[in-house]
Amino acid sequence: LYMIQLSGGASVQGYVDPGAAGENELHFTFFDPAGGELPVEAATMDAVPGKGEARTLDVRRLGPGHFVAGVELDAGPWRFSVEATAEDGAALSAEFEEEIEG
């Protein structure tokens with residue numbers, strides 16, 4: 001579970017479930033400075049293997065600021081990123097790296 005601070009006191013939580021080689025779900029949830037879910041208009045997510053091309057994922061909304069995408073992952077290092085637009089028009093972006101176990 002990764003908690004990433006954004007400008008203005010907002011944050012985003014990201015994680016991969018289950019975090020092992022095979023089918024996974026990538027989650028990103030945005031939070032306002034008070035810790036409530038931050039409403040976001042739209043989001044895109046990418047998964048980038050250690051040696052390979054970025055994969056743009058098919059994103060689904062689970063809540064006002066919670067997004068998920070299914071992704072097939074191989075064992076090894078990965079970088080996961082999200083780009084989003086808050087309801088007030090603010091651009092939001094974050095990324096984290098994780099070693100996926102075989």
Among Val82, Val12, Leu92, the one residue meeting side-chain contact (heavy atoms from CB on, under 4.5 Å) with Ile4 = Val12
Atom CG of Asp88 with >12 non-hydrogen neighbours under 6.0 angstrom | yes
For Glu72, does the CD atom sit with more than 12 other heavy atoms under 6.0 Å from it, leaving out its own atoms?
-> yes
Would you check if [X] and [Y] make a side-chain contact, meaning some heavy-atom pair closer than 4.5 Å?
X	Y	result
Asp46	Phe80	no
Tyr2	Glu98	yes
Thr85	Val40	no
Leu57	Thr44	no
Phe28	Met45	yes
Glu37	Thr29	yes
Phe96	Gln13	no
Asn24	Pro18	yes

Report the distance from atom [atom1] of [X] to atom [atom2] of [Y], rounding to the nearest 0.5 Å.
X	Y	atom1	atom2	value
Thr56	Glu53	OG1	CD	10.5 Å
Leu38	Phe31	CG	CZ	9.5 Å
Ser11	Asp32	OG	CG	8.0 Å

Would you name the heavy atoms of [X] and [Y] that are closest together and state the gap between them?
X	Y	result
Gly70	Arg60	N-NH1, 4.0 Å
Ala10	Pro33	N-CG, 4.1 Å
Ala84	Phe30	CB-CZ, 3.7 Å

When clusters are formed by joining ILVMFWY residues with side-chain heavy atoms under 4.5 Å apart, either directly or through shared neighbours, do Val68 and Val71 land in the same one?
-> no
Return each pair, listed once, that meets salt bridge (Lys or Arg N to Asp or Glu O under 4.0 Å) where at least one residue sits in residues 8-17; pairs must be two or more places apart or across chains.
-> none
When you look at Val16 and Leu73, which way does the side-chain contact (heavy atoms from CB on, under 4.5 Å) test go after all the steps?
-> CA-CA 10 Å; Val16 179; Leu73 301 175; 3.8 Å; yes
Are Arg61 and Glu41 ion-paired here, with the side-chain N under 4.0 Å from a carboxylate O?
-> no
Looking at residues at least two apart in the chain, or sitting in another chain, which of them share a ring-ring contact (aromatic ring centres under 6.0 Å, His included) with His66?
-> His27
Residues in ring-ring contact (aromatic ring centres under 6.0 Å, His included) contact with Phe67, at least two apart in sequence or another chain = none
